Amino acid sequence: MTMNLFNQFLSPTFLGLPLIAIALMAPCLLYPSPAPWWQSNRWTTLQNWFIGSFIKQILSPINTKGHSWALLLATLMVFLITLNTLGLLPYTFTPTTQLSLNMAFAVPLWLATVIMGFRNSPTHALGHLLPEGTPTPLVPTLIIIESISLLIRPLALGVRLTANLTAGHLLIQLVSSAAFSLLLSQTTAASLAVGLLLLLTILEIAVAMIQAYVFVLLLSLYLQENV
Amino acid sequence: MADRPVPVVEKRLMDVKLGELGTWMGGRDFTPNGLLSSVRRGYERYYNKYINVKKGGIGGLAMLLAGYITLSYVWEYNHIKHDRWRKYH
């Protein structure tokens with residue numbers, strides 16, 4: 001039984017076809033495109049409201065030049081939130097538990113902000129490596145520390161998303177198998193486990209949305225520094 | 001009130017008699033473009049019936065998600081069948 005714990009994270013295949021491709025396309029099918037007429041249906045209105053308010057909030061600290069990133073950030077947010085929440089349904093596969101996918105999101109986008117910063121104003125970008133008001137003897141050490149913290153950002157972005165979702169799914173599987181096996185013999189313990197499972201599920205739904213938000217927020221912060 | 005005779009191939013699937021099913025299947029468009037257009041038409045039918053209405057409820061989305069769950073179950077069955085309770089492992 002122990003070896004089955006991580007089986008849920010294996011990339012699923014069916015008759016040799018990688019199902020992760022279909023799992024990745026699922027968000028596209030769930031969002032209707034806005035119609036050219038004035039009043040659209042409820043779902044499209046809801047979707048437009050959500051994307052509009054999200055973009056307004058996330059682009060407010062960024063100057064006008066960075067607003068060209070609006071489409072990318074909105075798409076990323078919607079995609080991640082959908083992938084995370086769809087993965088909470090029974091028997092579905094969450095592509096964001098794969099480190100490869102999250103690194104594929106984090107590294108190019110972070111690198112884009114860094115390269116943009118170095119191209120537009122190199123001195124300003126390099127100046128980020130030294131916080132204001134540091135005492136002179138500390139300067140070399142601090143520059144090394146700040147550059148390490150800069151280089152570790154994509155790793156942190158990707159691993160944060162992966163680890164949060166993987167840990168959540170794993171906990172749900174553990175607690176549910178505990179509740180199931182205790183159900184007949186020790187019913188009180190099983191009911192405690194079911195209560196824990198309920199709380200855990202609520203937490204997982206929250207984490208799914210929050211992690212997507214944090215990913216995009218941090219990216220927008222890196223953008224704000226460099227644009 | 002007899003209906004006008006319609007060629008078998010152009011009938012909708014629910015109107016085709018069982019005996020005519022072979023002719024009907026043979027006459028359908030199985031080219032990639034044809035398959036794509038039939039998928040597109042199916043999507044538009046579902047969308048316009050359940051989602052693109054003025055007061056759409058949760059039912060339209062819930063049916064999609066239920067279909068996604070069953071499809072995922074079918075795809076993962078070969079993997080999940082090892083998780084059954086057994087007396088001897």
Side-chain angles (χ1 to χ4, degrees), chain A residues 1-47 82-83 85-95 173-174 176-177 180-185, chain B residues 12-14 21-22 24-26 28-89:
Chain A
M1 267 307 179
T2 12
M3 59 185 175
N4 283 331
L5 276 176
F6 286 96
N7 277 354
Q8 56 174 322
F9 300 122
L10 290 178
S11 198
T13 51
F14 181 69
L15 304 177
L17 293 168
L19 291 174
I20 191 171
I22 304 179
L24 280 174
M25 279 188 340
C28 309
L29 304 170
L30 287 177
Y31 290 96
S33 39
W37 37 82
W38 187 38
Q39 187 177 32
S40 28
N41 52 348
R42 271 186 186 170
W43 289 109
T44 314
T45 317
L46 193 70
Q47 174 192 324
T82 317
L83 282 180
T85 39
L86 276 182
L88 289 172
L89 296 171
Y91 301 119
T92 45
F93 176 67
T94 328
Q173 193 176 14
L174 276 170
S176 62
S177 49
F180 189 59
S181 53
L182 287 176
L183 200 58
L184 292 172
S185 48
Chain B
R12 306 180 85 178
L13 183 57
M14 287 295 133
L21 200 59
W24 186 85
M25 291 278 285
R28 298 299 288 181
D29 191 13
F30 283 117
T31 61
N33 265 340
L35 287 170
L36 236 65
S37 70
S38 58
V39 166
R40 184 95 214 148
R41 266 182 285 130
Y43 171 76
E44 300 271 318
R45 264 178 66 189
Y46 185 84
Y47 181 65
N48 286 322
K49 181 165 181 188
Y50 292 110
I51 315 230
N52 201 7
V53 285
K54 212 152 115 187
K55 292 171 96 180
I58 196 80
L61 184 68
M63 279 194 281
L64 272 177
L65 293 180
Y68 182 55
I69 294 176
T70 48
L71 214 58
S72 308
Y73 180 73
V74 164
W75 283 334
E76 302 258 331
Y77 182 70
N78 278 329
H79 217 86
I80 300 178
K81 68 183 178 191
H82 299 297
D83 288 344
R84 288 190 207 121
W85 284 78
R86 294 193 192 294
K87 195 166 171 192
Y88 304 106
H89 273 266

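Each chain gets a letter, A, B and so on, in the order the sequences are listed, and its residues count up from 1. Bear in mind that the values here come from a model prediction, so they are computed numbers and not experimental data.
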dist B:Ile69:CD1 -> A:Leu86:CG (nearest 0.5 Å) comes out at 9.5 Å
Bottom line for B:Ile51: the part with an atom under 4.5 Å from chain A's heavy atoms is both
Heavy atoms of B:Asn52 and A:Asn41 approach each other most closely as CA-ND2, 3.0 Å
Counting heavy-atom pairs under 4.5 Å with chain B, the top scorer among A:Ala23, A:Ser40, A:Ala26, A:Pro32 is A:Pro32
So OH of B:Tyr68 and CG of A:Leu30: to nearest 0.5 Å the spacing works out to 9.0 Å
Honestly, the part of A:Ser177 sitting under 4.5 Å from a heavy atom of chain B is neither
To the nearest 0.5 Å, atom CD1 of A:Ile22 lies from atom CG of B:Leu71 at 7.5 Å
Cut-off 4.5 Å, heavy atoms of chain A, and the answer for B:Tyr47 is side chain
For B:Glu76 and A:Phe93 the tightest heavy-atom approach is OE2-CB, 4.5 Å
For A:Phe180, the ring-ring contact (aromatic ring centres under 6.0 Å, His included) test, sequence neighbours excluded, returns B:Trp85
